[in-house]
**Student:** 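Okay, here's the structure, questions in a sec.
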Number of protein chains: 2
Amino acid sequence: MSSIFSRIISGEIPSYKVAENKYYYAFLDINPLSKGHTLVVPKKEVDKLFDLDDETYQGLFMFCKEVAAGIKRSFACDRVALTVIGLEVPHVHVHLIPINTMRDMDFTKPKLKFDDEQLKIIAKQIQDRI
Amino acid sequence: MSSIFSRIISGEIPSYKVAENKYYYAFLDINPLSKGHTLVVPKKEVDKLFDLDDETYQGLFMFCKEVAAGIKRSFACDRVALTVIGLEVPHVHVHLIPINTMRDMDFTKPKLKFDDEQLKIIAKQIQDRI
């Protein structure tokens with residue numbers, strides 16, 4: 001069965017798309033740690049980051065660099081953190097999280113909640129600045 | 001003034017080196033979240049990840065891939081997580097953390113403690129498996 005991310009990429013499950021090219025797809029985390037928290041995934045479905053072939057792996061991080069620039073231009077933050085954990089969904093995903101303090105990176109804290117309208121605006125803001 | 005990481009790279013401050021080439025340096029985090037927690041830094045002193053030039057940025061992640069393979073072969077773990085936060089030292093550093101559960105990635109938990117002898121053994125284990 002396809003991963004939830006493959007189903008998002010195919011459009012079967014709706015998402016707040018931030019950027020896309022032939023190989024990668026970026027969309028908002030709907031349970032964000034901070035405003036603008038984005039997930040970047042390779043369209044190729046591979047469980048673990050370091051199992052990606054070199055080309056897909058390098059391309060993924062270059063795509064992240066472009067998306068992170070859009071995030072940084074959209075929201076007041078000290079920097080955009082990048083993290084790959086991957087225990088929950090067996091499909092490589094990079095978290096890009098605008099942060100000001102270590103607290104913004106704490107995955108154990110309660111997530112922020114935005115409604116549909118707000119998420120559309122956030123995604124559009126980033127899209128327009130990539 | 002040079003960052004603490006530049007002083008580690010130059011040998012002014014001792015470290016438990018795991019790997020090194022002309023452009024990058026990998027060494028143990030002495031306040032690790034899990035056994036084998038390693039830091040990878042570009043020798044070029046730049047504060048923020050996404051401010052690295054493309055070549056240094058791509059090379060950094062390729063170097064991380066090699067180091068992560070050594071970590072994975074050295075310690076029982078589900079996978080090696082990768083995270084770049086960077087609020088504390090203004091010199092890009094990638095955390096490579098062998099993890100089994102989300103708890104292994106919790107930067108707010110008390111850090112593990114290993115003595116000098118143990119850290120030497122851990123660094124050697126990874127070195128030998130890269």
Side-chain angles (χ1 to χ4, degrees), chain A residues 33-34 38 40 42 46-74 77-109 111 129-130, chain B residues 33-34 38 40 42 46-74 77-109 111 129-130:
Chain A
L33 289 174
S34 69
T38 296
V40 183
V46 171
D47 176 7
K48 296 178 182 178
L49 175 69
F50 296 115
D51 290 338
L52 288 173
D53 63 85
D54 288 356
E55 196 181 344
T56 306
Y57 175 90
Q58 286 205 294
L60 173 65
F61 285 112
M62 285 312 294
F63 190 73
C64 285
K65 202 179 192 216
E66 291 172 41
V67 175
I71 295 172
K72 184 82 170 71
R73 289 183 204 113
S74 302
C77 60
D78 176 68
R79 66 189 66 212
V80 177
L82 177 156
T83 191
V84 186
I85 307 170
L87 293 167
E88 286 168 1
V89 179
H91 184 152
V92 174
H93 50 290
V94 181
H95 294 266
L96 295 177
I97 309 167
I99 61 169
N100 286 297
T101 70
M102 203 61 199
R103 173 92 178 130
D104 295 325
M105 279 293 288
D106 179 4
F107 277 83
T108 63
K109 73 171 184 180
K111 304 300 188 290
R129 287 170 179 81
I130 289 177
Chain B
L33 289 174
S34 69
T38 296
V40 183
V46 171
D47 177 6
K48 297 178 183 178
L49 175 68
F50 296 114
D51 290 339
L52 288 174
D53 63 85
D54 287 355
E55 196 181 344
T56 306
Y57 175 89
Q58 287 204 291
L60 173 65
F61 285 110
M62 286 312 294
F63 190 74
C64 285
K65 202 179 191 215
E66 292 173 39
V67 174
I71 295 171
K72 185 81 172 68
R73 288 182 205 115
S74 301
C77 61
D78 175 69
R79 64 189 69 214
V80 177
L82 177 157
T83 191
V84 186
I85 307 171
L87 292 167
E88 285 169 1
V89 179
H91 184 153
V92 174
H93 51 290
V94 181
H95 294 267
L96 294 177
I97 309 168
I99 60 170
N100 287 296
T101 69
M102 203 62 200
R103 172 90 177 130
D104 295 325
M105 279 293 288
D106 179 4
F107 277 84
T108 63
K109 73 172 184 179
K111 304 299 188 292
R129 287 170 181 80
I130 289 177

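Predicted, not measured: the structure shown is a model, and the values here were computed from it. A, B, ... follow the sequence lines: proteins, then strands. Residue 1 opens every chain. Just the heavy atoms: all of them, side chains too, but no hydrogens, waters or symmetry mates, feed the values below.
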**Student:** Counting N and O atoms only, with roles assigned by atom type, does the side chain of A/K65 sit under 3.5 Å from a partner on the main chain of B/L52, one being a donor and the other an acceptor?
**Tutor:**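 Present.
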
**Student:** In terms of heavy-atom pairs under 4.5 Å with chain A, which of B/D106, B/V80, B/D104 leads?
**Tutor:**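 Maximum pair count with chain A is reached by B/V80.
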
**Student:** With chain A, which of B/D54, B/T108, B/T101, B/V94 has the greatest number of heavy-atom pairs at distances under 4.5 Å?
**Tutor:**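 The residue among B/D54, B/T108, B/T101, B/V94 with the greatest pair count is B/D54.
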
**Student:** When only pairs under 4.5 Å are counted, which of B/I97, B/I85, B/L49 shares the most heavy-atom pairs with chain A?
**Tutor:**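 Looking at each option in turn, the highest pair count goes to B/I85.
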
**Student:** CG/B/D78 to CG/A/D47 distance, rounded to the nearest 0.5 angstrom?
**Tutor:**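 That separation rounds to 7.5 Å.
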
**Student:** Parallel, tilted or perpendicular: which fits the ring planes of B/Y57 and A/F61, with parallel below 30° and perpendicular above 60°?
**Tutor:**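 B/Y57 vs A/F61 ring planes: perpendicular.
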
**Student:** Is the closest side-chain heavy-atom distance between B/I99 and A/L87 below 4.5 Å?
**Tutor:**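 When only atoms from C-beta onward are counted, A/L87 and B/I99 do touch, with a gap below 4.5 Å.
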
**Student:** Taking side chain as everything from C-beta outward and backbone as N, CA, C, O, which of these in B/I71 sits under 4.5 Å from a heavy atom of chain A? Side chain, backbone, both or neither.
**Tutor:**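 No part of it gets close to chain A.
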
**Student:** Which heavy atom of B/F50 sits nearest to which heavy atom of A/L82, and what is that distance?
**Tutor:**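 Smallest interatomic distance, heavy atoms only, reads CZ-CD1, 3.8 Å.
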
**Student:** Under the 3.5 angstrom rule, does the side chain of A/R79 hit a backbone N or O of B/G86 as a donor-acceptor pair?
**Tutor:**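 At least one qualifying donor-acceptor pair exists.
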
**Student:** Can A/T83 and B/M105 be said to form a side chain to side chain contact (heavy atoms under 4.5 Å, CB included), step by step?
**Tutor:** CA-CA 10 Å; A/T83 191; B/M105 279 293 288; 3.8 Å; yes

**Student:** Counting only non-hydrogen atoms closer than 4.5 Å, does A/M62 touch chain B with its backbone (N, CA, C, O), its side chain (CB onward), both, or neither?
**Tutor:**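 Both backbone and side chain.
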
